[in-house]
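No hydrogens, no waters, no symmetry mates; every other heavy atom, side chains included, goes into these values. FYI, the numbering just counts along the sequence from 1.
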Amino acid sequence: MKATISAYTTPGIRLIVSFLLKVSLPSHLLYRAVRHCLPKLDAHLGWGCYTLLGSLMLFLLHILYTHLLSFYHLHRARLLHAQPLPSVSGRWPGNFDLMRQWLGIWQTGYPGDIAGRIMNQLGGVQTYGVKLFWHDTAFTADPEIIREILTTDHANYIKGRQLTDAFHSVLGSGVFNTNGDLWRFHRSMSRPFFTRDRLKRIVPTFVKHADHALQLLEHRMTNAEKEGSLASEGGVAGGAVDMQDLASRFTLDAATEFLFGGCVQSLNEPLPAPWNAAPAPPLSTTTPPQPLPPSRSSSQDSVVHILPLNHPHGILPPPDSPSSSSSSSFSTSSTSSSSPQTKETTTTSTTTATRSFPSAFTSALHTLAARLRSGSLWPLLEITKDSTRKDVKVIQRFVREIVVRALARREQRDRKEFGLGPSSSLGEKESSDASTSVETLLDHLITVSDDIQLIQDELINILIAGRDTTASCITFATYMLSQHPSVLERLEREVLSVLGSTRAPELDDFRSMPYLRAVINETLRLFPSVPFNVRESLAERVWVDREGQRWYVPAGTSVTYSCFHLHRAEGLWGPSCQEFDPQRFLQEDGRYERYYGKSPFVFVPFNAGPRSCLGQQLAYAEVEVFLCRMVQRLVAKASGGTRRRVVLDEDAIPLKARVPRVWSEEQQQQQQPKAGARRCSVVASVMRRFSSSDEEGEATAKEGRVEEGGGGGLPFHSTGRSNSSSSSIGMGMMGMGTIPAATVEGVSPRRAVEKVWPKSHLTMYVEGGLWVRTVVS
């Protein structure tokens, strides 16, 4: 019944109808009272007036209820010997002004800036509360509280109705959008698939698609070199490659193959061009890179551009390249044995559903992120239409067809096994293909259930986790390697010592590469794929933070815990917490035992406890394969004692996606020499800055200045600890001297040195894409 109503209405209409039903009771009571007591007035009032007055009555009753509830919560906090959470409040009812300003900061600021500024103005706390639309919300980056949420009291913290309603149109009743017994059932369905034995058989799939993706990168670079330049200015079309787009294609192709047994072949489509690329030259007569052969069930399907939102200027034709035989040392057996397929053949054989699937998938995720940012009032933005409906139709049609075919194969096998009838030639062929290939998650799920909707929801949920999170990690790992050549050089030495320059990695090889895992962990520390998680507290609780302070949390509170702030806290990771230094995750480094070794809950990129990520080791293996093959290719292309490395092409970043100028100005203010003091200019400027930080902070708060399009001083009232120690904040964050100290507003000090603009919706991503190229050094 609920599904039928959802199919013919929009979220906005359903919200309005629900509101009118709630208003009808006070309106009817008001009508009866006026008609009985004031019959003359009743003659002049219509139902519109009664509805308006009933709405006003309901609103006032709700305000009264929330105030009475606040007094009750204060009473409960005293009884439990706890304190109310340090809180912030705006000037408008429901704190609408705070939401409006925070949306501005989100659009123009650095991830975590909102929470960082609030925690700074509350005196450096790691936990605070705020009422949004008269609903209790709490934020925390305290490791002890996060430990309680994820492990010791995880049953009390569920995916709340606001979150599950917003995600239901896409995720359905999958493992990431359910609670209780249904969640446990979904998790028990998928858990047996994620074993080490199966992972060993999946790694060659990762190698195949990583080689295909990196071959496209190599061909783009080769094309640029043929034209005589690698520079973007006045250079050739396509000298730079968007690694974020390439990683998303790689993870989507790999995920669909090991989940469904059929790859969507997104890597067979042309790569996007940088915004400043010169007009593409005519296609040469040389053979373009040959696409991978279609996996079973894929039928040579092609797809459109993966990340259309990052690249409004279109895509390039396939880059000119030497024949595939010239790079056979990196071609897998599947690639080298593929039959030639022209672009025309590939394009004409596509179906509408498959061609639209990647872009529909990406569009649906962006819509879910927009709903999450809009809070409980997101349906009001979708009164005329359900923004996900068109995308969901494409996604579900694609997945459902695959599930139906898999169930038909199972039925054919069962009939043949029990001798109930002859099987069709198609069924025999598919059964033969299935028996000679790696078992997929779909193959596993159809042995557990034959409910098409159940299997479909589970596959879509795992696909979301298997694509965006891993692509985010690859993107930011490449970004960090482009900014830290010494890390890339050490990684090259380790990879070559284990694999050489051509051998494809196997799962057991990664045990011999601790620095590779350290690079990935350090990337996830600074740029966790899912930086913020949301839960809802079923019952009231008293949180005890790592300082022993007791905080009261009412029942029904929406709780956000931040891996982003947790992973960058100086008190948990030391003075170099803002630096990219993979060495900290090696056991021979003293910091490992001093910080991470003390408590594993200071590093939770995959969550922890019963809701920890099922595919954690699979994600590690996928990223490790990609980075290994990328390093091997860089070494293989080097010659004559030279080295190749990946660098960031800042000129290729779209103008609107470049970091705000104020970020770099912060760094210039820190590094500007004064009065001839050259050597100690940075330290001196930091000392001067923080000697007056209290006064500047007070002036900013009083004036209510808005910086970066809405991100300056926050015009709200705060209750909590006084900011008496702000002058000492950030003095230990200088690390190796490349990261300036934290500013008085509480924003991340890393943003002063970022060359790209990190953002987050459901996962972290780079605004405008990560445009890189290879250079000889």
Please confirm whether the backbone N or O of [Y] pairs with a side-chain atom of [X], one donor and one acceptor, at under 3.5 Å?
X    : Y    : answer
N177 : T164 : yes
R410 : I446 : yes
N461 : L171 : yes
R389 : S169 : no
D211 : K208 : no
S472 : D468 : no
T367 : S363 : yes
D443 : T440 : yes
N179 : K159 : yes
S529 : T469 : yes

Would you call [X]-[Y] a salt bridge at under 4.0 Å N-O?
X    : Y    : value
D253 : R249 : no
D197 : K200 : no
R371 : D386 : yes

Which heavy atom of L524 sits nearest a heavy atom of P605, and at what distance?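 Closest approach of L524 to P605: CB-CB, 4.0 Å.
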Determine the minimum heavy-atom distance between D391 and A364, stating which atoms define it.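 Minimum heavy-atom separation between D391 and A364: OD2-N, 3.6 Å.
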Within-4.5 Å side-chain heavy-atom neighbours: [X] and [Y]:
X    : Y    : answer
F193 : L445 : no
L216 : V241 : no
Y561 : Y157 : no
T256 : F361 : no
W183 : P610 : yes
Q453 : R400 : yes
E624 : P505 : no
L459 : L463 : no

Do other residues, nucleotides or ligands put more than 12 heavy atoms under 6.0 Å from the CZ atom of R191?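 Atom CZ in R191 is not packed in, count stays at 12 or less.
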Rounded to the nearest 0.5 Å, what's the gap from CG on L442 to CD1 on I462? Could you check?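 Result: 12.5 Å between the selected atoms.
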Using the side-chain contact (heavy atoms from CB on, under 4.5 Å) rule, pick out the option among V203, V623, T470, L199 that qualifies with L618.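 Result for side-chain contact (heavy atoms from CB on, under 4.5 Å) with L618: L199.
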Using 30° and 60° as the class limits, which term best fits the ring planes of [X] and [Y]: parallel, tilted or perpendicular?
X    : Y    : result
F250 : F206 : perpendicular
Y765 : H761 : parallel
F606 : Y620 : tilted

If only side-chain N and O atoms count, and only distance matters, is there a donor-acceptor pair under 3.5 Å linking Q632 with R629?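 Yes, because at least one side-chain N or O of R629 sits under 3.5 Å from a partner of the opposite role on Q632.
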Can R467 and T763 be counted as having a side-chain donor-acceptor contact under 3.5 angstrom?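 Distance-only check fails for R467 and T763.
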